[in-house]
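I have placed the structure first, in the form of structure tokens, so that the comments after it can refer back to it.
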Amino acid sequence: MTSPTVRHLLRLTDWSADDVDEVFRLAATFEAGAGPRVDGCAVLFFPPSSLRTRVSFERGAALMGLQPVTFPPETLDKPEALADVAAYLAAWADVLVVRHHDPAVLAGLAAPDVLPVVNAMTADDHPCEVLSDLYALSRTADVRRLRFLFVGGDGNVARAWQGAAQLLGLDLVQCCPADLRTRDLPPGVRWTDDLADAVTRADVVLTDAPGEHAAVLAPSQVTADLLARAPEGVRLAPCPPFVRGREVSSDALASAAFVGHAFKASLLPVQQAVLAHCLTS
Ligand SMILES: NC(=O)NCCC[C@H](N)C(=O)O
């Protein structure tokens, strides 16, 4: 349970739909160059492999008045209690943005409620990524009326979409072989292994890197032929880093359905909005 005075973003299901609406409202103001200014310091933890989320958090923080100070996540892997780390950092920092594989590290930093902790990806969640895609979609559609098809097995991006579906009542189907599916799907989220059928009812097709399951997921590659079976106007938003010829084909990425590059531009205003929302609680 978090204190009412410190708002964290550890997982989307800790938030309310009103929080998401407020983040989208704030994101629109940041996009228009009129977002609130929040002077202070954001301490970020990112591995060297991070690209998009790190650039957009660092740039976004700087633009809104927060000085970004970035460390590798291993900085948090010392025997020192995470509550002590948070208590010391709170003297100079206003918010922590953390990418770390272990969600317990984020929970440990958040537990003393001395400053907000924002999840920039763990092994089992990625809320900012999904908020960004939903914001991009919300600019032209009512996301609650769209049908989402996640093509891929259990994982952090799958679970982030499932959390969003649970919170916002989204129509979401996971499509993958049975033994890769998420076991504890939230109420309302469905599973199928029939991709050719499921795509006929998909307005938004989502993917994630297959990790160690590339071979078994190869038949689930999203191709232009597959997308041709989808309703008109279908959008393909693969989670980067995607690989042509693995979870998506080159012709799918060259098709009009592909919105990936354009959608990720929203990481900047959405993450600024998340920071502002957490800092103004
Ligand atoms: N765009 C990103 O922030 N990357 C998401 C990578 C998700 C992938 N399942 C991973 O854990 O590396």
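One-based numbering, in listed order, for ligands and for the atoms of each. In what follows, residues are counted from 1 in the order of the sequence shown. What you see below is based on every heavy atom in this structure, not just the backbone, and it leaves out hydrogens, waters and symmetry mates.
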Out of all atoms in ligand 1, which are within 4.0 Å of some heavy atom of [X]? Include the element for each.
X: Thr53; result: 3 (O)
X: Val157; result: 7 (C)
X: Cys239; result: 5 (C)

Protein heavy atom at shortest distance from [atom]:
atom: atom 7 (C) of ligand 1; result: Asp208 OD1, 3.5 Å
atom: atom 4 (N) of ligand 1; result: Pro240 O, 3.0 Å
atom: atom 11 (O) of ligand 1; result: Asn156 ND2, 2.8 Å
atom: atom 12 (O) of ligand 1; result: Met121 CE, 3.8 Å
atom: atom 3 (O) of ligand 1; result: His126 NE2, 2.8 Å

Determine the interplanar angle of the Phe57 and Phe46 rings, folded into 0 to 90°, and report it as parallel if under 30°, tilted if 30 to 60°, perpendicular if over 60°.
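Taking Phe46 first and then Phe57, their aromatic rings sit tilted (interplane angle of 30° to 60°).
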
Looking only at the aromatic ring of each residue, does the gap between the centers of Trp161 and His126 stay below 6.0 angstrom?
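No - the distance between ring centres of His126 and Trp161 does not fall below the 6.0 Å cut-off.
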
Do the side chains of [Y] and [X] get nearer than 4.5 Å, heavy atoms only?
X: Asp171; Y: Arg144; answer: no
X: Leu195; Y: Val151; answer: yes
X: Leu9; Y: Cys128; answer: yes

Are the side chain of Ser56 and the backbone of Leu268 linked by a donor-acceptor contact shorter than 3.5 Å?
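Answer holds: no.
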
Within-shell test, Arg99 vs ligand 1, heavy atom, strictly < 4.0 Å
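Yes, Arg99 has heavy atoms under 4.0 Å from ligand 1.
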
Check [X] against ligand 1 and report side chain, backbone, both or neither, counting heavy atoms closer than 4.0 Å.
X: Glu129; answer: side chain
X: Ser50; answer: neither
X: Arg159; answer: neither

CG-CG distance between Asp14 and Asp19, expressed to the nearest 0.5 angstrom
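The CG atom of Asp14 sits 10.0 Å away from the CG atom of Asp19.
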
Test Arg159 against Asp184 for salt bridge (charged side-chain N to carboxylate O under 4.0 Å, His left out), laying out the working first.
CA-CA 10 Å; Arg159 283 177 181 251; Asp184 47 350; 3.3 Å; yes

